[in-house]
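To keep things clear, I will list the structure first and then write my remarks on it.
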Amino acid sequence: MTALIAALQLLLATTFLVLPVTVWFTGEAAQRAAEAEVARQGHAPGVLARHGIRFAERAWEFGLALAIGAVLGTLGALNLAGDETGRLLSWVVTPLVLAGAGFVTTSQVFATRYTEAALAKSGDPAARALDARRVIAAASSGFPSWLRPLVVVRFVLTTAGSLLVIVLLAADAYVS
């Protein structure tokens, strides 16, 4: 059980390292592509910024994702080594990852739906007139093709994987 817990943590840690680095280097291209699509639709590109729609990573987001990856990697390594500290800290960290990162990764997986809903509720006629699907598709063209599947993998590991880690921790505690 401990090896499976560690494997899940290490896989999730990897996604929290690979995704932000990739977005850090490609996010500006995605942002420009999205803004170009907004302009093609006849609106000022600034409409995205006014509604908090960004595809480029901010420094604090980049740092936070790397920190989460480092914490999960450390937990995975501790658990793989059979260190009880890793197991104890996993009880604390895993529910936080499930709740916090689960919310964020859900919004990333369903970005088109969230963006459509946000723009539809806007009081800004330009925002309501945007075809969000085309904007998201344009932004996606600025990212590597493997990014989207990895976002889905991170979502699954963050939600179902975290739940499985909690179940395995509980089962291990029950058996011990």
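For reference, positions follow the sequence shown, starting with 1.
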Quiz item: What pairs with Arg54 under side-chain hydrogen bond (donor to acceptor under 3.5 Å, both in side chains), at least two apart in sequence or on another chain?
Solution: Glu61

Practice problem: Go through the structure and list residues passing side-chain hydrogen bond (donor to acceptor under 3.5 Å, both in side chains) with Ser90, not counting sequence neighbours. | Solution: Gln9, Asn79

Could you check if a side-chain atom of [X] sits within less than 4.5 angstrom of a side-chain atom of [Y], using non-hydrogen atoms only?
X	Y	value
Leu72	Leu10	no
Lys121	Arg128	no
Leu12	Thr15	yes
Phe143	Arg148	no
Thr115	Ile136	yes
Ile53	Leu119	yes
Trp146	Thr22	yes

Cluster link [X] to [Y], ILVMFWY, side chain under 4.5 Å:
X	Y	value
Val167	Ile5	no
Leu80	Leu78	no
Val21	Leu157	no
Val18	Phe155	yes
Val165	Leu11	yes

How long is the span from the [atom1] atom in [X] to the [atom2] atom in [Y], to the nearest 0.5 Å?
X	Y	atom1	atom2	answer
Glu35	Leu48	CD	CG	6.0 Å
Glu57	Leu19	CD	CG	9.0 Å
His43	Glu37	NE2	CD	10.0 Å
Leu163	Thr94	CG	OG1	10.0 Å

Which heavy-atom pair separates [X] from [Y] by the least distance, and what is that distance?
X	Y	answer
Gly69	Leu17	CA-CD2, 4.1 Å
Leu168	Met1	O-SD, 3.7 Å
His51	Ser122	CE1-OG, 2.9 Å
Ala33	Ala138	CB-O, 3.2 Å
Ala30	Ala139	CB-O, 3.2 Å
Ser162	Leu98	CB-CB, 3.9 Å

Quiz prompt | Ion pair check, Arg113 and Glu116, cut-off under 4.0 Å | solution = no

Quiz item: Which residues pass the side chain to side chain contact (heavy atoms under 4.5 Å, CB included) test with Asp131, sequence neighbours left out?
Solution: Gln41, Arg133, Arg134

Quiz prompt | Sequence neighbours excluded - ring pair (Phe, Tyr, Trp, His ring centres under 6.0 Å) pairs with any residue from residues 77-126 | solution = none

Quiz item: Which pairs count as salt bridge (Lys or Arg N to Asp or Glu O under 4.0 Å) when at least one residue sits in residues 63-85, sequence neighbours excluded?
Solution: Glu84-Arg87

Self-check item: Non-neighbouring partners of Phe62 that pass ring-ring contact (aromatic ring centres under 6.0 Å, His included), sequence neighbours left out
Solution: Trp24

Quiz prompt | Under 3.5 Å: donor-acceptor pair, side chain of Thr105, backbone of Gly102 | solution = yes

